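The structure appears right after this line, and notes come after that.
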Amino acid sequence: MIAPAVAGTITFDDVTNTGHAVLNGYGGFNWNNFLTLDTTTAYTTDGYGHGTVSLNNVAFNGFASAATISSATPFRLTGGYLTGAWNDGLKVKLVATRAGHAVYTQTFVVNTVSPTLETFNRSIVDKVVFTSGGGTTHPGPSSGSQFALDNLSFSRVVPEPSVWAMMIGGFGLVGGSMRRRGVRIGVA
């Protein structure tokens with residue numbers, strides 16, 4: 001049996017090097033093409049500023065390209081706030097995989113005027129790819145299909161202690177049994 005062990009929310013507010021890529025290891029995840037932005041110093045009146053839920057930083061998909069969160073440790077993304085940076089009616093699609101196989105796909109439609117709390121499928125995965133596109137340009141200085149992401153909720157999953165005990169005990173019994181029978185593992 002697998003159970004949630006650690007839950008948390010990634011706010012991006014402790015990122016000090018805004019305007020750059022989110023570094024691998026942040027929040028215990030690997031990040032690809034997610035950048036951060038301090039919305040108190042730039043883009044205060046568009047979807048980035050409107051999408052700020054906690055303090056002053058949001059993450060976004062650079063150049064409106066696919067952005068990925070992954071981890072060697074299985075996890076569940078449970079929710080987060082999504083906002084269209086420049087486009088109203090922007091579609092943000094999540095494709096979640098485990099061991100290279102699609103587990104779920106979700107699409108959300110978001111706008112630039114306020115963040116939308118979206119609830120994600122709670123399946124156990126090791127990678128989630130975010131893509132965005134479509135919608136219509138909100139009146140303002142720029143256009144594009146980037147999205148802002150803030151307060152991303154997750155839980156990490158690990159086997160329960162009783163499962164670890166069974167695994168360790170079971171492997172010990174199997175190994176001992178194989179030794180008694182003269183079975184050799186890994187030898188051709």
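None of the values given here were measured: they were computed from a predicted structure.
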message = Would the distance check show the side chain of Asp46 and the main-chain N or O of Trp86 forming a donor-acceptor pair, the cut-off being under 3.5 Å?
response = no
key: Donor-acceptor under 3.5 Å (Asp150 side chain, Thr52 main chain)   = no
query = Cut-off 3.5 Å, side chains only: do Ser54 and Asn151 have a donor facing an acceptor?
reply = yes
ask   = Is any side-chain heavy atom of Phe147 less than 4.5 Å from a side-chain heavy atom of Leu149?
value = yes
task = Work out which heavy atom in His50 is nearest to a heavy atom in Thr45; give both atom names and the distance.
result = CE1-O, 3.3 Å
query = Would Leu37 end up clustered with Phe130 when hydrophobic side chains under 4.5 Å apart are linked, directly or stepwise?
reply = no
query = Quick check: does any side chain N or O of Arg76 sit under 3.5 Å from a backbone N or O of Arg122, one acting as donor and the other as acceptor?
reply = yes
task = To the nearest 0.5 Å, tell me how far Leu90 CG sits from Thr137 OG1.
result = 10.5 Å
key: Gap separating the CG atom of Asn121 from the OG1 atom of Thr78, nearest 0.5 angstrom   = 11.0 Å
request  = Would you list the pairs meeting ring pair (Phe, Tyr, Trp, His ring centres under 6.0 Å) in which at least one residue belongs to residues 91-119, sequence neighbours left out?
outcome  = Phe108-Phe120
remark   = To the nearest 0.5 Å, atom CG of Asn57 lies from atom CG of Leu35 at 12.0 Å
Asp88 side chain to Thr136 side chain, donor-acceptor N/O pair below 3.5 angstrom = no
Donor-acceptor contact below 3.5 Å, side chain Asn87 vs main chain Gly134 = yes
query = So, does Asn32 use its side chain to make a donor-acceptor pair with the main chain of Thr68 at under 3.5 Å?
reply = no
key: ILVMFWY network linking Leu82 to Phe29, side-chain heavy atoms under 4.5 angstrom   = yes
query = Going only through I, L, V, M, F, W and Y residues with side-chain contacts under 4.5 Å, is there a path from Val109 to Tyr81?
reply = no
ask   = Is the distance between the ring centroids of Phe34 and Phe12 less than 6.0 Å?
value = no
message = Please give me the minimum heavy-atom distance between Ser145 and Gly133, naming the atom from each residue.
response = CB-CA, 3.8 Å
inquiry  = Same cluster or not: Val129 versus Trp31, using hydrophobic residues (I, L, V, M, F, W, Y) connected whenever any side-chain heavy atoms lie under 4.5 Å apart?
reply    = no
key: For Asn61 against Ala67, the heavy-atom pair lying closest together   = CB-CB, 3.9 Å
Heavy-atom pair of closest approach, residues Leu152 and Ile69 = CD2-CD1, 3.4 Å
inquiry  = Quick check for you: to the nearest 0.5 Å, what is the distance between Asn33 atom CG and Thr131 atom OG1?
reply    = 11.5 Å
query = Asn111 side chain to Val113 main-chain N or O, any donor-acceptor pair under 3.5 Å?
reply = no
Partner residues of Phe60 under the ring pair (Phe, Tyr, Trp, His ring centres under 6.0 Å) criterion, sequence neighbours left out = Tyr48
key: From Asp13 atom CG to Thr36 atom OG1, the distance as rounded to the nearest 0.5 Å   = 10.0 Å
ask   = Side-chain heavy atoms under 4.5 angstrom apart, residues restricted to Ile, Leu, Val, Met, Phe, Trp, Tyr: same cluster for Ile10 and Val92?
value = yes
request  = Go through the side-chain N and O atoms of Arg156 and Ser71 and say whether any donor and acceptor fall under 3.5 Å apart.
outcome  = yes
query = Does the side chain of Val110 reach to within under 4.5 Å of the side chain of Glu118, using non-hydrogen atoms?
reply = yes
note = Between Ala96 and Val125, the two heavy atoms sitting closest are CB-CG1, 3.6 Å
inquiry  = So which atom in Thr119 and which in Gln106 form the shortest heavy-atom distance, rounded to 0.1 Å?
reply    = O-NE2, 3.4 Å
request  = Count the heavy atoms belonging to other residues, nucleotides or ligands that lie under 6.0 Å from CZ of Phe75, then report whether that count exceeds 12.
outcome  = yes
query = Would a distance-only check, ignoring hydrogens and angles, find a side-chain to backbone donor-acceptor pair under 3.5 Å from Asn56 to Thr39?
reply = no
